[in-house]
Amino acid sequence: MTYQDFPHSTRAKGNVRILRQQEELPLLRDHLLRLDPASRHDRFNGFMDDDFIERYAAKCADDGTVIIAYIEDGVVRGAAELHPPDRSPDALPEIAFSVEAGVRRQGVGSILFKKLIAEARSKGYRSLRITTGAQNQAMRALARKFGAHLTFRHGESTGSIDLTQQPLSPFAGLAIATPIDAARAMINLNRAYWRLYLKMYGLGRTAQRHAEGAAGRA
């Protein structure tokens, strides 16, 4: 999925990367503090004051939470959080999202969701838990788009995403990844192509190793 997949919205122009926890703590904190009251309510399923936000951001920097940030001009405008499973009551890694009003309808939520799923897979996670306010229609729709099965209870929607059912694509993430991520994805794509080519023409393992070496140098 590329930014052009959102024809009725402005194209996202920022970049996406994982924040270094302690060094870049203020970037996440300031992003959460900038959320308008409705967005803050949606993110935390209730009103939370600035002191809570600051404590929350500090906790994320210390407990192993992975923060995937959408950044424009050095400022975090959207964030996807991947919380470690040992912090969850059901031992599932929990995910959360926040996008500032000024960058909505640009596909930022989908971009962050794709990158987060790739990161969760790289950690070997097989399932993710997501919780959102019942009134947060945009987040509920986005979660369903990525295969979440949501149930409503006590004023919130809770569901899980089975990562084993998510489609894999050699092009996934190329449009939003860092240069290193993109290069790694392209190398993997080249290797996949040569494996398929050699298999089709019945060439041996030696030729395949040469082809993989050539793909790695590409």
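Values below: every heavy atom of this structure, side chains too, minus hydrogens, waters and symmetry copies.
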- Task: Step by step, work out the salt bridge (charged side-chain N to carboxylate O under 4.0 Å, His left out) result for E100 and R77.
- Result: CA-CA 6 Å; E100 295 180 27; R77 298 298 185 184; 2.9 Å; yes

- Message: Please evaluate residues R55 and D49 with respect to the criterion salt bridge (charged side-chain N to carboxylate O under 4.0 Å, His left out), reporting the C-alpha separation (whole Å), side-chain torsions for both, the decisive distance (0.1 Å), and the verdict.
- Response: CA-CA 10 Å; R55 292 194 303 271; D49 60 19; 5.0 Å; no

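Proximity of L128 to L82: side-chain heavy atoms (C-beta onward) are separated by under 4.5 Å at one or more points. With a 4.5 Å cut-off on side-chain heavy atoms, R40 and D50 count as touching. Side-chain contact between L28 and V76: absent, with no pair of heavy atoms (C-beta onward) separated by less than 4.5 Å. Residues R34 and V75 are in side-chain contact: their nearest non-hydrogen atoms beyond the backbone lie under 4.5 Å apart. Between L19 and R17 there is a side-chain heavy-atom pair separated by less than 4.5 Å. For the pair P85 and K123, the minimum side-chain heavy-atom distance is 4.5 Å or more. Side-chain contact check for Y125 versus L163: some heavy-atom pair is nearer than 4.5 Å. Put simply, the side chain of V99 does not reach to within 4.5 Å of the side chain of F97, judged on heavy atoms.
Interatomic distance, I18 CD1 to E24 CD, rounded to the nearest 0.5 Å: 11.0 Å. Taking CZ from R43 and OH from Y56, the interatomic distance works out to 4.0 Å, rounded to the nearest 0.5 Å. Atom-to-atom distance recorded for I67:CD1 and L116:CG is 9.5 Å, nearest 0.5 angstrom. I161 CD1 to I117 CD1: the interatomic distance, rounded to the nearest 0.5 Å, is 5.5 Å. Put simply, CD1 on I130 and CD1 on I95 are 4.0 Å apart, with the number rounded to the nearest 0.5 Å.
Side-chain N or O atoms of Y70 include one that pairs as donor or acceptor with a backbone N or O of G14 at under 3.5 Å.
S98 and L35 get closest at one heavy-atom pair: CB-CD1, 4.0 Å. Taking both residues in full, the closest heavy atoms of P84 and T65 are given as CD-OG1, 3.8 Å, listed atom of the first, atom of the second, then distance. A pairwise comparison of heavy atoms in L112 and G78 identifies CD1-C, 3.8 Å as the closest pair. In terms of heavy-atom proximity, E81 sits nearest to C60 at OE1-SG, 4.4 Å.
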